[in-house]
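Everything on this sheet refers to the single structure shown next.
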Amino acid sequence: MNAPAKGLLKTVSILFIVFGAIFTIFALLSLWGMSMIKTGGMGAVPGVDMSMLNSKGLMASQILLLFGSILDIVFGIIGLKKCGDPEKESFFFYAGVILCALSVIALYLDIITAGSSVTGLIRFILPILFIVGSVINKKALNAQRQI
């Protein structure tokens, strides 16, 4: 059976893997940098507001970014394997919902700690595309079953 959203789901899966790897590196570097500054390993850093680094929201945001990035990579790899099968549409729907919920929480934490987040918007749009691809495949699957 043909999966009409195969191209969309394959592209989004690849983007999940790429952005997941990039965001994982950023999150690890950010957490490492915050720990080095907080413990005094880097000494006084000019222009860095130390009160912002002590914010639990910022630390939680980075940990959530790390967790979500690892999930992005995992769901991207699984999505590449399942994108051609329209009967696997429920995976894409539930993965999209989970990643969308995590991205909303992370976006909220980013906004209250740092002001705004471009990465949060990217992380919000990609799961929505997973859900859209799932709906397209489900419609095609239902139409095929009616025939």
Side-chain angles (χ1 to χ4, degrees), residues 1-39 41 48-147:
M1 172 181 283
N2 187 19
K6 179 182 178 180
L8 172 68
L9 293 173
K10 188 173 191 174
T11 303
V12 173
S13 295
I14 291 169
L15 288 174
F16 268 129
I17 294 169
V18 170
F19 284 125
I22 291 170
F23 293 154
T24 299
I25 292 168
F26 284 157
L28 289 173
L29 287 174
S30 176
L31 288 169
W32 175 77
M34 283 191 291
S35 68
M36 290 298 289
I37 291 173
K38 286 173 80 171
T39 60
V48 174
D49 182 14
M50 296 304 282
S51 65
M52 187 175 111
L53 291 174
N54 291 328
S55 167
K56 288 185 169 70
L58 183 62
M59 185 72 79
S61 171
Q62 295 306 309
I63 291 171
L64 193 60
L65 175 64
L66 179 62
F67 177 70
S69 299
I70 292 169
L71 275 180
D72 286 349
I73 294 169
V74 170
F75 285 157
I77 292 169
I78 295 170
L80 274 177
K81 292 179 181 176
K82 296 185 177 197
C83 67
D85 187 3
E87 293 183 7
K88 305 290 184 182
E89 54 81 24
S90 62
F91 163 78
F92 293 102
F93 181 79
Y94 291 118
V97 169
I98 290 168
L99 292 174
C100 207
L102 284 174
S103 68
V104 167
I105 295 168
L107 188 59
Y108 173 73
L109 288 173
D110 283 346
I111 288 173
I112 62 172
T113 57
S116 68
S117 173
V118 174
T119 60
L121 291 175
I122 292 171
R123 294 184 50 120
F124 183 69
I125 292 170
L126 289 178
I128 290 174
L129 292 175
F130 248 19
I131 294 169
V132 168
S134 168
V135 170
I136 292 170
N137 278 350
K138 185 172 186 162
K139 285 182 181 179
L141 186 63
N142 287 341
Q144 181 68 22
R145 286 181 180 163
Q146 289 178 354
I147 295 178

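Sequential numbering from 1 along the given sequence is applied to the chain's residues.
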In Å and rounded to the nearest 0.5 Å, what is the OG1 to CG distance from Thr11 to Leu80? 9.5 Å
CG (Asn137) and CG (Asn142) are apart, to the nearest 0.5 Å, by 11.0 Å
Residues in ring pair (Phe, Tyr, Trp, His ring centres under 6.0 Å) with Phe75, at least two apart? Phe91
Tell me, please, which residues at least two apart from Ile25 pass side chain to side chain contact (heavy atoms under 4.5 Å, CB included). Leu29
Please enumerate all residues that pass side chain to side chain contact (heavy atoms under 4.5 Å, CB included) together with Phe67, with sequence neighbours excluded. Leu71, Leu102
Pairs flagged by salt bridge (Lys or Arg N to Asp or Glu O under 4.0 Å) wherever residues 11-36 is involved - sequence neighbours left out: none
If you look only at distance, which donor and acceptor atoms sit under 3.5 Å apart when one is on a side chain in residues 12-22 and the other is two or more places apart or in another chain?
from: Ser13; atom 1: OG; to: Leu9; atom 2: O; distance (Å): 2.8

Any donor-acceptor pair under 3.5 Å from Ser103 side chain to Cys100 backbone: yes
Could you list the residues that satisfy side chain to side chain donor-acceptor pair (under 3.5 Å) with Thr24, not counting sequence neighbours? none
Between the CD atom in Gln146 and the CG atom in Leu141, the distance rounded to the nearest 0.5 Å is 10.5 Å
Can you give me the closest heavy-atom contact between Ala140 and Pro4, atom names plus distance? CB-CG, 3.4 Å
Between CD of Glu87 and CZ of Arg145, what distance do you get to the nearest 0.5 Å? 6.0 Å
Enumerate the residue pairs fulfilling salt bridge (Lys or Arg N to Asp or Glu O under 4.0 Å) with a member in residues 91-105, sequence neighbours excluded, ordered by first and then second residue. none
In Å, rounded to the nearest 0.5 Å, how long is the span from CZ of Phe92 to CG of Leu99? 12.0 Å
Extract all donor-acceptor atom pairs below 3.5 Å that involve side chains of residues 123-132 and protein atoms in other chains or at least two apart in sequence.
from: Arg123; atom 1: NH1; to: Ser69; atom 2: OG; distance (Å): 3.3

How would you list all residue pairs meeting side chain to side chain donor-acceptor pair (under 3.5 Å) that involve residues 127-136, not counting sequence neighbours? Glu89-Ser134
d(Phe26 CZ, Leu65 CG) to nearest 0.5 Å is 9.5 Å
